[in-house]
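Since the structure comes first, as structure tokens, the remarks are kept for the end.
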Amino acid sequence: MTTPSTRTSTSRRTRSRRRATAVALAAGAALLVAGLGAAPVGAAPPGPPGAAPAALSPGAYLDLVRAADAPEAKRATARELGLGAKEALEVRSVVKNNNGDVHVRYERTYAGLPVIGGDLVVHRKKDGTTKRVTRATDAGIAVNTDAPAAHRPARAAAKGSTEPRKVVWAGGEQPVLAWQRVVGGTQPDGTPNRLHQLTDARTGETLLEYQGVHKGTGHSMYSGEVKLGTTADKGRRYSLVDAARGGARTHDMNNGQSGQGTLLTSRRDVWGDGTPGNRETAAVDAHHGAAVTWDYFRDVHGRQGIRGDGEAALTRVHYGNNYSNAFWSDGCFCMTYGDGAGNAKPLTSVDVAAHEMVHGLTSATAGLIYAGESGGLNEATSDIFAAAVEFHVDSPVDRADYHVGELIDIRGDGKPLRYMDQPSRDGRSLDYWRPGAGNVGVHYSSGIGNHFFYLLAEGSGKKEINGVSYDSPTYDGSELAGIGIDKAAAIWFKALTEQMTSTTDYQDARRATVTAAGDLYGADSAEVRAVAAAWTAVNVTG
């Protein structure tokens, strides 16, 4: 949940270059320290079920991945797409809809080198014919990979740094040969560092920098008494291992900052006492947060785990000392939580847990680069589904709301960290898109996406929901009625998993969500009109 340093050599790219295009083809083979009727919240989203994601077992999902990743299948797709002889495809993920449509997300290589910002999604009908292709870039790749590199960055000295490797950067105006290195070590606040740096192999110019670590029966601190998934061994010793949810494990970092820590175990299957003085309490909240987030995506979107493969992420608690943050890391496939100032306010509330876990979901699907507008959308996605998880849980203790981090009191003033109805209430976040929005920190440019989602779900103006007061303005002075959080979340999930790419910006996100709403509810539906109106209300116009 920590703001990364972000620098890119290009300004906001032109819409014709950055858009996620729908191409008609013929049939072929860290939480930051720093006028429509409303559907009832909690109701299942009505509308045509065919375009909704199908509920797949881990085995069925992996079968789809293996079929798409077969060498001949990838070569046939590359030919259909008109890729050059030096280009190849690698499958990242697959989504299947109830109507049989299949959406395969690919990474590209060029002359054996990874292409950063060159990912694409092929959307096929049940009969195998191609409906459209969504691309991170339209630019063709023609790079001399054999030319001597005038510039080569040195390996960073910090522990965990990687040797520079050659890649193709396709996220600018024209693809170029580049070096990519990852700088390890730790950030100033103690968060692990995984700073990705891309530099032009010819000039040494910095093309992109982004942070790879995304900073965010038991008696919990934030959710009251909760049921936990645990496992008992033959000696009747219990452990925080949830076999029903992919073997999800919760470990105690014992205030360390490296390694996996130790699995929490107990002679009794009763955990914590609701206070931070008991080390099990933070583990109860974190383990519960991972479980209810897993359940939300399984029950609502038919997804078994972050990657859809039934494998759970690791949860780590008690990281560092007085560490006031939480983060997701692809490196350990884990969520990690500090105990806050004075080790008295663990960052383990349900919305924070969901926020961090959703960073993993975003990485496994759209792969939104954690910089610029795509980084803001990455953060917004975590906040959006954190709210959706809260409303799905409907806890009588932690009431569902459109605030982020309202229970952890990270600033010590009793206020939420972020406000989705009017993001600027935190003093820094953007309510509306503006030129240069991509140069604002990702936790603040995320306000545009958060505000869009709130307006889509609940509408504009003053209202009270679950005893919480809201007052959401619009850029154009329009008055909007929401379509309900369930429909809004269904649209965002479909857009994220099927339409967005690594370089998606806010203009692309508008197109992606309009397409998703049209697929779910019909091209002329009230939901499509609501999506368009909500984007216009945050100054992202068509």
Side-chain angles (χ1 to χ4, degrees), residues 9-10 13-14 16-29 64-95 102-124 128-149 164-181 196 198-202 207-208 363-369 374 497-505 508 512:
S9 64
T10 58
R13 296 189 297 179
T14 60
S16 63
R17 299 294 301 168
R18 282 202 60 175
R19 71 185 187 278
T21 53
V23 180
L25 295 178
L64 287 171
V65 172
R66 282 190 285 266
D69 206 36
E72 183 51 42
K74 291 189 293 187
R75 286 193 291 268
T77 299
R79 289 193 298 268
E80 179 188 9
L81 297 175
L83 301 186
K86 294 184 177 182
E87 295 183 76
L89 297 171
E90 297 295 334
V91 175
R92 183 199 291 172
S93 63
V94 181
V95 174
V102 175
H103 313 265
V104 182
R105 186 179 298 275
Y106 296 95
E107 300 284 0
R108 278 195 286 174
T109 62
Y110 181 83
L113 301 180
V115 179
I116 310 299
D119 47 306
L120 54 90
V121 187
V122 178
H123 312 274
R124 298 190 191 277
T129 58
T130 300
K131 296 171 61 178
R132 59 180 179 267
V133 176
T134 304
R135 302 174 185 263
T137 178
D138 293 327
I141 301 176
V143 174
N144 184 359
T145 59
D146 298 322
R165 67 168 184 169
K166 277 186 177 180
V167 300
V168 175
W169 167 239
E173 290 297 321
Q174 291 295 331
V176 297
L177 188 65
W179 290 101
Q180 180 189 45
R181 70 172 183 172
H196 293 246
L198 271 71
T199 53
D200 192 305
R202 182 177 60 86
L207 300 169
L208 180 72
S363 178
T365 55
L368 291 160
I369 292 173
S374 60
T497 57
E498 298 177 14
Q499 302 296 327
M500 295 184 187
T501 68
S502 62
T503 61
T504 292
D505 60 14
D508 298 332

Is there a side-chain contact (heavy atoms from CB on, under 4.5 Å) between L198 and I116 once you walk through the steps?
CA-CA 10 Å; L198 271 71; I116 310 299; 4.2 Å; yes

Salt bridge (Lys or Arg N to Asp or Glu O under 4.0 Å) with D69: which residues, sequence neighbours excluded?
K74

Which heavy-atom pair separates S502 from S374 by the least distance, and what is that distance?
O-CB, 3.6 Å

Distance, nearest 0.5 Å, that separates CG of L83 from CG of L89:
5.5 Å

If you look at every heavy atom in K166 and T145, which pair is closest and at what distance?
NZ-O, 3.5 Å

Working to the nearest 0.5 angstrom, can you tell me the gap between L81 CG and Y106 OH?
8.0 Å

Restricting to side chain to side chain donor-acceptor pair (under 3.5 Å), what partner residues turn up for R108, sequence neighbours left out?
E87

Distance col, row H123:NE2 vs R105:CZ, nearest 0.5 angstrom, shows 8.0 Å

Closest heavy-atom pair and its distance - G117, A136
O-CB, 3.5 Å

Heavy-atom nearest pair, W169 first then A178, reads CB-CB, 4.2 Å

CD1/I369 to CG/D119 distance, rounded to the nearest 0.5 angstrom?
7.5 Å

side-chain contact (heavy atoms from CB on, under 4.5 Å) evaluation trace for T199 with L207
CA-CA 5 Å; T199 53; L207 300 169; 5.8 Å; no

Are R124 and E80 ion-paired here, with the side-chain N under 4.0 Å from a carboxylate O?
yes

Are V115 and V167 packed together at the side-chain level, in the sense that at least one heavy-atom pair is separated by less than 4.5 angstrom?
no

Got T130 and V122 here, is their nearest side-chain heavy-atom distance under 4.5 Å?
yes

Closest non-hydrogen atom pair, A73 against A67:
CB-O, 3.6 Å

Supply the atom-to-atom distance N144 CG to L177 CG, rounded to the nearest 0.5 angstrom.
8.0 Å

Looking at side-chain heavy atoms only, is the closest gap between V168 and I141 below 4.5 Å?
yes

Report yes if the side chains of V176 and V143 come closer than 4.5 Å at any heavy-atom pair, otherwise no.
no

Rounded to the nearest 0.5 Å, how far does CZ of R135 lie from CG of D508?
14.0 Å

If only atom types and distance count, is the side chain of R181 paired as donor or acceptor with the main-chain N or O of R165 below 3.5 Å?
no

Within a strict 4.5 Å, meaning less than it, do heavy atoms of the V91 and V104 side chains meet?
yes

Could I get the full list of salt bridge (Lys or Arg N to Asp or Glu O under 4.0 Å) partners for R92, not counting sequence neighbours?
E107

Within a strict 4.5 Å, meaning less than it, do heavy atoms of the L120 and T134 side chains meet?
no

Where do A142 and Y110 come nearest, in terms of heavy atoms and distance?
CA-OH, 3.8 Å

